[in-house]
Amino acid sequence: MARRVVFRAEFFKEGDLYVGLVPELDVSSFGESLDEAKVSLKEAVEAFLEECEAMGTLEEVLHE
């Protein structure tokens, strides 16, 4: 069953890169532009959640 997860993302510039961070999940990523950082962070969150689901820890992670 597909699930929609809403999360808060923060973006900031560090040197020449834009960094995206989801503090509640402790997931971050980066890109050379803000748009690239947004796409990269979305992919990182999706991969993180898929791995949690595969490990059977998704419910626990989402409740924290």
Side-chain angles (χ1 to χ4, degrees):
M1 168 174 65
R3 181 187 305 231
R4 182 172 181 217
V5 177
V6 178
F7 55 88
R8 177 176 57 102
E10 300 174 0
F11 294 90
F12 56 93
K13 192 162 186 182
E14 189 170 287
D16 292 337
L17 297 174
Y18 289 86
V19 177
L21 172 66
V22 178
E24 292 82 6
L25 299 177
D26 198 25
V27 174
S28 63
S29 195
F30 62 91
E32 293 183 5
S33 69
L34 182 55
D35 286 339
E36 193 176 296
K38 287 178 181 180
V39 169
S40 181
L41 183 60
K42 182 177 184 272
E43 291 171 353
V45 168
E46 288 172 353
F48 173 76
L49 294 176
E50 287 171 6
E51 184 62 26
C52 287
E53 188 169 36
M55 292 173 48
T57 60
L58 182 59
E59 289 298 324
E60 180 182 336
V61 167
L62 293 179
H63 284 286
E64 288 179 8

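Glu36 pairs by the side chain to side chain contact (heavy atoms under 4.5 Å, CB included) definition with Glu32, Ser33, not counting sequence neighbours.
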Contacts table for residues 11-28: side-chain donor-acceptor under 3.5 angstrom, sequence neighbours left out:
{"residue": "Glu24", "atom": "OE2", "partner": "Arg8", "partner atom": "NE", "Å": "3.2"}
{"residue": "Glu24", "atom": "OE2", "partner": "Arg8", "partner atom": "NH2", "Å": "2.8"}

Expected list for residues 38-48: side-chain donor-acceptor pairs under 3.5 angstrom, two or more places apart:
{"residue": "Ser40", "atom": "OG", "partner": "Ser29", "partner atom": "OG", "Å": "2.3"}
{"residue": "Ser40", "atom": "OG", "partner": "Phe30", "partner atom": "O", "Å": "3.3"}
{"residue": "Lys42", "atom": "NZ", "partner": "Glu46", "partner atom": "OE2", "Å": "2.9"}

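For the atom pair Glu59 CD and Glu53 CD, the distance stands at 9.0 Å (nearest 0.5 Å).
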